[in-house]
Amino acid sequence: MEEIRKENKTNERRFSGGSTNSDSVPDNHDCDYEPALEFDDTELVQATNSEIEMDKQAEANTDDDYQYLESPLSDGLMDENFEEALANTANGGIDDDDDDMDDFSDIAKYGIVEVAGDDSYGRKVIVISACKLPSNKELNHAKFLRYLMYTLDQFVESDYTLVYFHYGLNSRNKPSLSWLWAAYKAFDRKYKKNLKTLYLVHPTNFIRIVWQIFRPAISVKFGKKVMYVNYLHELKKHLHFEQLAIPKAVLDYDSQLKAVAKGTSTWFPNSPSSGSLHLPGPLYGTQQFRVPLSFIKEHNGGDPIPRVVKECIAYLDNDAALETEGIFRRSANTQILKTVQSLFDEGKPVNFDEHGDILVAAVMIKSFLRELPEPLLTFDLYDDIISFQELEQTEKLPVAKSLILQRLPEDNYLLLKYIVEFLVKVINCSDLNKMTASNLAIVFGPNLVWSQSRQASLSSITHINHFTEFLLKNHNLMFTK
């Protein structure tokens, strides 16, 4: 405990000068929690200088502008079988055409990789927990790398965020540096381009050593995406903290660190300069975000359709917007999103032509849904929605109608109907915008329903998306009372 306290004080002194060097990875936390490295760092020297220069040149060719945490897609859109692929991943990667090597059920059972819904900007959040890694004797690391790539393949065509919980990595389950190098090489531009932020939570000397070894091959652009987090509460600035699938061991470790530090915390020097959309502030009568639908209705003249939804849909309900490729999948400038959200909350006029473009209005709808205190499809319906995919085909329509027409509160029903009717227009233009019912379900599903714990596994996301797709495809039957 005394060593932890000393190291935390050392870190505080080290960063009190406000350094902004994003290439440095400081020591952090007590190494007693992470046994010494048990492999020879020199094995990485096999990488030649020419290989490193080629890697840097490949990454330097990316066009990311780091003023924009959400950049438009440029590598194509997801295909229409995205949801089916995700279902295969959740079921262990089993597909009729796959051989035994692609049956990942033996790795998926550990829950090392989980989906944690969306972040504040509508990007998928993928969580990797080192404490769930089994012993090296139990885990086939080559196969684990294939599984990790197979899982990320379901998301990398859109902007996404990675959260890595480092606590729990030890000499028993720690991969070799040669494996880490192979993994870095395997994750080519396709994976790195749309990765917007990589949060490394509870970094230790292992992270520092790996960073120093890999630094010659890591581009400055990619380095800017890496954020180091001392304490879990710091994630609240940037993510929907409640939905993160944080292992109990990580929670306990974080509590111990905070107890030792007596509540102090230090954000590493290259922490994001932009805050989350969850900024503290006064509660206005015109508030649209982070308040219940009942509050909005009460302060909206009894209208159950919130102003932000009405105005965003009105702005998007035209051929130019409906035919925009990747609408609802592509991203917008973070600062503009915060500005527009504040205008809505304060009851001020919003002119999307002045504050951005089509994508701002599209992202705003998703943000509104995700920031509701209770999902539009309510906590009460969650278990039924999760089990919906297991029903016989003949049972699905009556069950779905019962959920929507009988068990969904009236105001929720009216707002859901309003949104779905617009999404049907988007689907009708899918030959141009590439947003099929399946693709829209993937985007909107996690924003319409989540569990009270806010945690989501790959399998639960698949079930939610299945119900959402059914809802969109059968809208003409679902909203007939």
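Nothing fancy with the numbering, it's 1 onward along the sequence.
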Practice item. Check whether the side chains of Asn230 and His202 place a donor and an acceptor atom closer than 3.5 Å, and report yes or no. Key: no
Study note, to complete from the structure: Quick note, ring-ring contact (aromatic ring centres under 6.0 Å, His included) partners involving residues 301-342, not counting sequence neighbours, are Tyr315-Phe352, Phe328-Phe444
Revision key, fill the gap. Note: Pro349 and Arg307 closest approach over all heavy atoms is CA-NH2, 3.6 Å
Review point. Phe295: what forms a ring-ring contact (aromatic ring centres under 6.0 Å, His included) with it, not counting sequence neighbours?
Key: His299
Review point. Is the Phe104-Phe144 ring centre distance short of 6.0 angstrom?
Key: no
Revision key, fill the gap. Sequence neighbours excluded, the answer for side chain to side chain contact (heavy atoms under 4.5 Å, CB included) partners of Thr324 is Ile327, Arg330, Ile358
Check your understanding: Thr462 versus Gln389: any side-chain heavy-atom pair under 4.5 Å?
Key -> yes
Exercise for review: In plain terms, say whether Arg329 and Asp159 are close enough for a salt bridge, that is, a side-chain N and a carboxylate O under 4.0 Å apart.
Suggested key: no
Donor-acceptor list for residues 394-403 side chains, cut-off 3.5 Å, not counting sequence neighbours:
residue	atom	partner	partner atom	Å
Glu395	OE1	Glu392	N	2.9
Lys396	NZ	His466	NE2	2.8

Practice item. I would like to know whether Glu325 and Lys434 meet salt bridge (charged side-chain N to carboxylate O under 4.0 Å, His left out); could you show each step before the answer? Key: CA-CA 6 Å; Glu325 187 171 342; Lys434 311 301 182 185; 5.8 Å; no
Practice item. List for me each residue that meets side chain to side chain donor-acceptor pair (under 3.5 Å) alongside Asp357, sequence neighbours excluded, and say none if there are none. Key: none
Point to revise | From Leu415 atom CG to Lys310 atom NZ, the distance as rounded to the nearest 0.5 Å | key: 11.0 Å
Review point. Can you tell me how far the CG atom of Leu343 sits from the CD atom of Glu311, to the nearest 0.5 Å?
Key: 10.5 Å
Check your understanding: Less than 6.0 Å separating the ring centroids of Tyr164 and Tyr199?
Key -> no
Review point. So which of Tyr231, Tyr167, Phe165 actually passes ring-ring contact (aromatic ring centres under 6.0 Å, His included) with Tyr253?
Key: Tyr167
Point to revise | Under 3.5 Å donor-acceptor, Glu374 side chain and Phe379 backbone | key: yes
Side-chain donor/acceptor pairs under 3.5 Å, residues 420-429, sequence neighbours excluded:
residue	atom	partner	partner atom	Å
Glu421	OE2	Lys417	NZ	2.6
Lys425	NZ	Asp317	OD1	3.4
Lys425	NZ	Asp317	OD2	2.9
Asn428	ND2	Val424	O	3.3

Point to revise | Residues Asp303 and Lys297 bridged, charged N to O under 4.0 Å | key: no
**Study point:** Approximate separation, where rounding is to 0.5 Å, of Ile313 CD1 and Ile305 CD1
**Key:** 8.0 Å
